[in-house]
J.: 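Shown below is the structure under consideration.
Lettering follows sequence order; numbering is per chain, from 1.
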Amino acid sequence: MTTGAKTSTTGLLKGAAGAWLWDVPAGLLFGDARFADLYGQPAEAAAAGLPTDAFFASIHPDDHMRIRIAVAGVMHGADHFAKEYRLRLEDGAVRWVSAMGRADRDADHRVIAFQGVLADITEQKRVEERLRVAQSAGGVGTFEYVSGFGTVDVSHQFCRLLGLTPTDVLALRAINATLTSGQPLLIGEADGAAGRDEYREFEIVRADSGERRWIARRGERLNDGPGGAERFIGAIHDITPFKSAEAKLLELTATLEERVAERTKERDRVWDNSRDLLVVVDADGVYRAASPAWFRLLGFRPEELVGRPYTEFVEPEDLSASAAVFAEAVKERSLGNFENRHRHKDGGWRWISWQTSTEDGLVYGYGRDVTEEKLRAEALSQTESQLRQAQKMEAVGQLTGGLAHDFNNMLTGIIGGLDLVRRRIAEGRLGDLDRFMDGAVKSAHRAAGLTHRLLAFSRQQSLDPQAVDVRGLIVSMQDLLNRTLGEQVALKVVFADQVWPAVSDVNQLESAILNLAINARDAMPDGGLLTIAARNSIFDTERASGHPEIASGDYVEISVADTGQGMPSDVVAKAFDPFFTTKPIGQGTGLGLSMIYGFVRQIGGHAAIDSEVGKGTTIRMFLPRATPGQLVQESVEPEAASGAGSGETVLVIEDEDSVRALIVEVLSELGYRALEASSSVTALPHLRSDQPIDLVITDVGLPGLNGRQLAAMARELRPGLGILFVTGYAPTAAVRADFLAPGMDMISKPFAMNDLAAKIGEMLARSPTA
Amino acid sequence: MSTPAVDLSELEHDALTELVNIGVSRAAASLRNMVGEQVTLSVPSVEVVSRKAAAILIHEREAGELVAVRQDFEGAFSGRALLIFPQSNSLALVKAVTGDELAAVEVEAMESEALSETGNVVLNGCLATMANMLRRPLTMSLQQVLRGDGALFFELAERTDDNGVVLFLYINFSISGRDIRGYIAMLMDLPSLEALKVLIGEFIERVMGVDDLGALA
């Protein structure tokens with residue numbers, strides 16, 4: 001069926017093939033031994049001539065008709081007989097045979113003989129079968145091409161691979177027409193030396209679907225064709241999936257390169273354009289690479305840096321710190337925000353803040369110029385301190401204004417009073433002098449009170465904490481408060497059934513309550529109700545934990561509440577700040593609340609504000625409860641002292657002449673003998689002398705040996721000697737109890753003469769020497 | 001391949017192939033007489049396909065320009081016979097037929113005539129033999145040379161319906177090793193193919209009915 005036409009069938013072949021000759025006129029079939037063997041006939045009978053129907057007798061029933069028709073064709077004029085068919089042998093076995101025959105005719109075209117050869121192709125059939133299965137399973141198509149022919153013998157699979165209708169023979173052109181343009185021929189004459197044909201890949205367009213596919217061809221060229229012609233046999237298979245995978249891989253590779261290039265470009269851009277210093281330093285501290293930013297920031301070109309150690313470029317003062325940090329960085333400890341100074345080529349320095357990361361023994365550094373930031377920070381800090389100074393000056397201005405206002409009022413009272421007294425004395429009108437004198441003294445006392453308050457504010461006030469009967473104190477102040485508040489403000493005083501005695505300083509507490517009352521009055525310009533209340537308040541551990549500013553314990557709570565306009569929260573937050581005032585400059589010192597706060601804190605208590613706009617303000621003072629041992633001191637008016645002394649000797653040491661003279665004068669008037677000294681140095685001879693000294697009155701703030709040191713020496717020389725300190729303030733001991741040993745006392749300047757007399761009298765009365 | 005409306009059985013197919021084989025053998029003998037050289041024609045492969053499929057087959061197997069010799073026939077079955085060559089083969093065929101004695105210019109000048117004559121010998125030999133075998137006379141028209149592609153050849157001018165089928169014969173011509181190949185195609189409509197089928201059946205019956213094959217001669 002395949003290429004029978006190409007091999008001429010001349011003569012009878014011996015050996016593997018059996019030959020037959022059908023003598024038509026004689027009606028006999030002659031066969032050789034091999035033919036007889038294949039047809040299962042006795043060789044002798046075949047040689048002698050068989051009946052012609054013996055030709056069909058052994059043919060398998062399925063092929064019988066086919067072969068009969070084919071033989072009929074020969075008998076009727078067909079030249080060729082080329083058939084494959086099965087013979088069934090006597091033992092039941094089936095053999096495939098290939099028969100090639102031709103008709104011999106006479107001049108009239110009548111058939112004389114039908115002769116041919118017969119070959120057993122059973123094995124070949126099996127091989128073909130296997131090949132067919134293999135081709136179809138493996139997708140491999142085979143071809144055989146004899147040089148010079150226009151057609152190619154192909155397998156069906158070959159046709160299917162090219163999208164052609166399965167057939168056994170294809171035109172060479174038809175095969176090559178499936179190729180896309182610009183390719184060598186899929187099958188053609190050898191383009192090189194004969195022999196093994198190289199592996200080739202071809203792109204084709206499938207004839208049926210128009211789909212583009214890739215085909216691989218392998219083949220061999222053998223010079224064994226008819227007449228020595230070249231025979232090209234080979235196989236093709238579809239490699240499109242490999243090709244597309246390969247294409248994808250190629251594309252991936254290409255895009256990978258593209259991506260890498262892009263990334264490299266990006267990296268280079270970062271390296272070149274970064275405003276920060278980028279540098280690679282090896283483990284020895286030598287620059288391996290530096291970015292162009294070095295030139296912009298420090299004036300060094302990268303090539304001037306590479307190969308040199310970083311130590312050449314770092315400010316010498318920063319070297320040791322830099323070396324320590326670099327050693328850490330080399331150990332792969334990334335560091336951040338390390339700052340050092342780098343040399344600029346122009347001789348200056350720049351502050352650089354470094355971040356590093358380490359990889360493969362190389363330290364990658366990223367340095368930011370923070371010089372400007374540093375300068376700005378410095379400038380900012382200067383500006384801040386200037387601002388603080390300005391605020392301080394403003395506060396001082398506020399304070400001075402307020403103080404001047406208050407003092408002017410008081411001085412007006414004093415000067416005016418004294419002026420009137422002098423005039424009256426000059427006019428001889430002595431009758432009503434006390435009134436003016438009292439007014440002046442009262443003003444002076446108020447001035448003294450103001451300085452006390454200032455000291456309390458600065459917490460340098462000498463307090464005299466004692467157990468105070470708060471209820472009694474408030475009751476005693478009621479008249480004063482009523483007068484101060486005026487007619488429009490009603491006063492209400494509320495006490496709990498029992499109020500503990502509180503640790504306080506009577507004068508300061510009075511002052512505080514008065515101050516709060518005045519503030520409250522000012523907060524109620526249209527009148528209202530002022531409530532002063534006192535009650536016990538216990539801060540157990542739990543309650544105190546909610547108020548970190550207050551220690552747990554028992555307290556006496558004094559509250560002063562008004563029904564005034566209240567304060568917004570931002571004012572509340574600043575109300576205890578010194579110099580904070582809502583009043584215009586000159587109308588208040590702004591120290592009221594802060595002084596109260598200072599005083600309360602100093603005695604171990606606490607103060608709090610509760611206020612809301614439109615709902616009034618309540619100030620609460622929490623004073624520590626006095627322990628039972630502390631006596632409740634009644635506030636007593638000092639007795640008028642006159643002629644109390646009886647010749648006792650009092651040594652007065654005071655560097656301020658006027659004060660010393662005044663004290664000496666008072667002592668003389670009271671009947672004491674006074675010794676004077678203006679300093680510790682001049683006082684010591686008195687103390688060392690044998691003359692009796694009953695009491696020493698000394699200023700605390702003396703030049704040279706101060707009052708306390710002098711007192712200590714005096715006590716050494718004369719143990720038990722009474723000592724009364726006179727002080728403007730007590731800077732080293734705010735609380736007198738810490739300051740004073742037994743037999744010592746203190747009086748604050750300024751003092752009334754009566755107070756001084758009372759104190760002296762009191763001390764001398766206690767004195768063991770008296 | 002699309003299934004034609006008329007389906008030949010395997011045996012009918014074999015018988016038809018054999019009929020064509022006989023016809024082609026006769027045609028080859030005539031051709032041999034013309035060229036005076038050894039002419040070998042392969043055992044034909046026969047396919048019955050639709051006209052469209054035939055065009056595709058032709059297109060698949062011959063991508064280039066084609067030349068065809070056409071001859072219509074009429075009788076018990078009617079249709080059109082075509083001998084188709086690749087255009088590139090035609091001159092070689094002409095040269096073979098004219099015995100390589102003519103100059104190239106002359107060959108070109110008489111190409112159509114030579115082709116026409118060759119077509120007449122082949123087609124006439126083939127068809128007449130088949131008609132004889134089927135015991136039905138056929139009237140042949142004058143041959144005509146066509147150039148173009150397969151689709152053009154398979155148009156039946158008189159009929160535009162698509163019921164026509166093509167008896168598609170593939171024959172490899174080989175003339176003294178020259179690279180010449182061609183196809184014989186027979187276009188028939190359904191009634192003609194039905195008629196042919198009947199005639200083939202009769203042929204088979206005749207062949208089988210005679211035990212003594214020698215008597216067939």
J.: Taking atom CD1 of A/Ile69 and atom CG of B/Asn21, what is their separation to the nearest 0.5 Å?
T.: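 One finds 12.5 Å between CD1 of A/Ile69 and CG of B/Asn21.
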J.: Around atom CZ of A/Arg86, are there more than 12 heavy atoms of other residues, nucleotides or ligands at under 6.0 Å?
T.: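 It does: A/Arg86 CZ has more than 12 such atoms within range.
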J.: If you count every heavy atom of other residues, nucleotides or ligands that lies below 6.0 Å from A/Arg212 atom CZ, does the total exceed 12?
T.: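 No, because the 6.0 Å sphere around CZ of A/Arg212 holds 12 heavy atoms or fewer from other groups.
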J.: Among residues two or more places apart or on two chains, list those pairs meeting ring-ring contact (aromatic ring centres under 6.0 Å, His included) that have a residue in residues 10-35 of chain B.
T.: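 Applying ring-ring contact (aromatic ring centres under 6.0 Å, His included) to every pair that reaches into residues 10-35 of chain B, excluding sequence neighbours, yields nothing.
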J.: To the nearest 0.5 angstrom, please state how far the CD1 atom of B/Ile204 sits from the CE atom of A/Met65.
T.: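 Nearest 0.5 Å value for the CD1-CE distance: 6.5 Å.
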J.: Inspect the surroundings of CD in B/Glu74 and state if more than 12 heavy atoms from other residues, nucleotides or ligands are less than 6.0 Å away.
T.: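 No, not enclosed.
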J.: Are A/Arg66 and B/Glu18 close enough for a salt bridge, meaning some N to O gap below 4.0 Å?
T.: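 Result for this pair is no, no salt bridge flagged.
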